[in-house]
Amino acid sequence: MKKSILLAMLIGGVFAVTAQTQTKLNVILNPIQSITVNDASKEVTLEYVTTDNYLTGVSSPVLNNHLTVYSTGGFQVKAKAANLTNGLTTAPGQNVEILSSGISLLIAKGTGNNGSDINPSTVNLGTGDVNLFSSTTGGTSMGYNVTYKGAGNNEYVGKHFSGTGKTTYTTNVMYSIVAQ
């Protein structure tokens, strides 16, 4: 019996011998930020029709999840009126602008956005980058609602030049995102 146990231990010891080696594994995470204007083909229109519109300003409907952000870490979102030196341009033949700073953007979390720590905020659009919001954490498919609001206080009285037709001022709103 002692021989059987000794033989079993000797055989078990032969099978227990193993060789080991190792390799180093690196996981490299690069910062990625992207921002999308959903339904970018849709134009936002602020139309002044009544005296009350000129007095109090006009707003577009809230565009639910108008912006979608993907970021692997903290980020900052900015906006500006594109390609302009002073403001919104008008129809051809007119040498008049209205200041883009008369347009404000109200930003709030969109549907299903649980990854961002922003509070609703309102900023005036400008021709240089203005900070809309930032977050210390990243996330995926983070939606943000945007409400565009035109100036009140009769700021645009005297800016109509088409007789009985409409005068249209236009710009593109450019959004950008940077790592924070």
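When all heavy atoms of Lys109 and Asn145 are compared, the closest pair comes out as O-ND2, 3.2 Å. When every heavy atom of Leu125 is checked against every heavy atom of Ala81, the shortest pair comes out as CD1-N, 3.9 Å. In terms of heavy atoms, Thr167 sits closest to Lys159 at CG2-O, 3.9 Å. Residues Ser104 and Thr122 approach most closely at CB-CG2, 3.8 Å, considering heavy atoms. When all heavy atoms of Leu132 and Ala79 are compared, the closest pair comes out as CD1-CB, 3.7 Å.
Rounding to the nearest 0.5 Å places CG of Asn38 at 3.5 Å from OG1 of Thr68. With rounding to the nearest 0.5 Å, the separation of NZ in Lys80 from OG1 in Thr171 is 10.5 Å. From Ile107, atom CD1 reaches atom CG of Leu67 across 6.0 Å, with rounding to the nearest 0.5 Å. Note: Leu106 CG to Ser121 OG = 7.0 Å, rounded to the nearest 0.5 Å. Note: Gln33 CD to Ser176 OG = 11.0 Å, rounded to the nearest 0.5 Å. Annotation: the span from Phe75 atom CZ to Ile35 atom CD1 amounts to 8.0 Å, rounded to 0.5 Å.
Tyr54 and Tyr48 have tilted rings, their planes meeting at an angle from 30° to 60° on a 0 to 90° scale.
Connection of Leu46 to Val146 is established within a shared hydrophobic cluster, with ILVMFWY side chains joined at heavy-atom distances below 4.5 Å, either directly or through further cluster members. Transitive grouping of hydrophobic side chains (ILVMFWY, heavy atoms separated by less than 4.5 Å) keeps Val178 and Val123 in distinct clusters. Cluster membership for Val44 and Ile98, using ILVMFWY side-chain heavy atoms within less than 4.5 angstrom, is shared. Hydrophobic clustering of Ile, Leu, Val, Met, Phe, Trp and Tyr side chains at less than 4.5 Å, counting indirect connections, keeps Val37 apart from Tyr70.
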Report all side-chain donor-acceptor pairs from residues 147-158 shorter than 3.5 Å, counting only partners two or more places apart or in another chain.
| residue | atom | partner | partner atom | Å |
| --- | --- | --- | --- | --- |
| Tyr148 | OH | His66 | NE2 | 2.8 |
| Tyr148 | OH | Tyr175 | OH | 2.6 |
| Lys149 | NZ | Thr56 | O | 2.9 |

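Checking Asn124 against Ser101 by side-chain atom types alone, no donor-acceptor pair falls below 3.5 Å.
Side-chain atoms of Asn131 and Gln76, non-hydrogen and from C-beta on, do get closer than 4.5 Å to each other.
Side-chain N or O atoms of Ser71 include one that pairs as donor or acceptor with a backbone N or O of Gly73 at under 3.5 Å.
Glu47 is linked by a side-chain contact (heavy atoms from CB on, under 4.5 Å) to Thr45, Val49, Lys166, counting only residues two or more places apart in sequence or in another chain. Partners of Thr50 by side-chain hydrogen bond (donor to acceptor under 3.5 Å, both in side chains), not counting sequence neighbours, listed by chain and number: Asn53.
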Is there a side chain to side chain contact (heavy atoms under 4.5 Å, CB included) between Asn65 and Tyr144 once you walk through the steps? CA-CA 5 Å; Asn65 292 334; Tyr144 296 91; over 6 Å; no
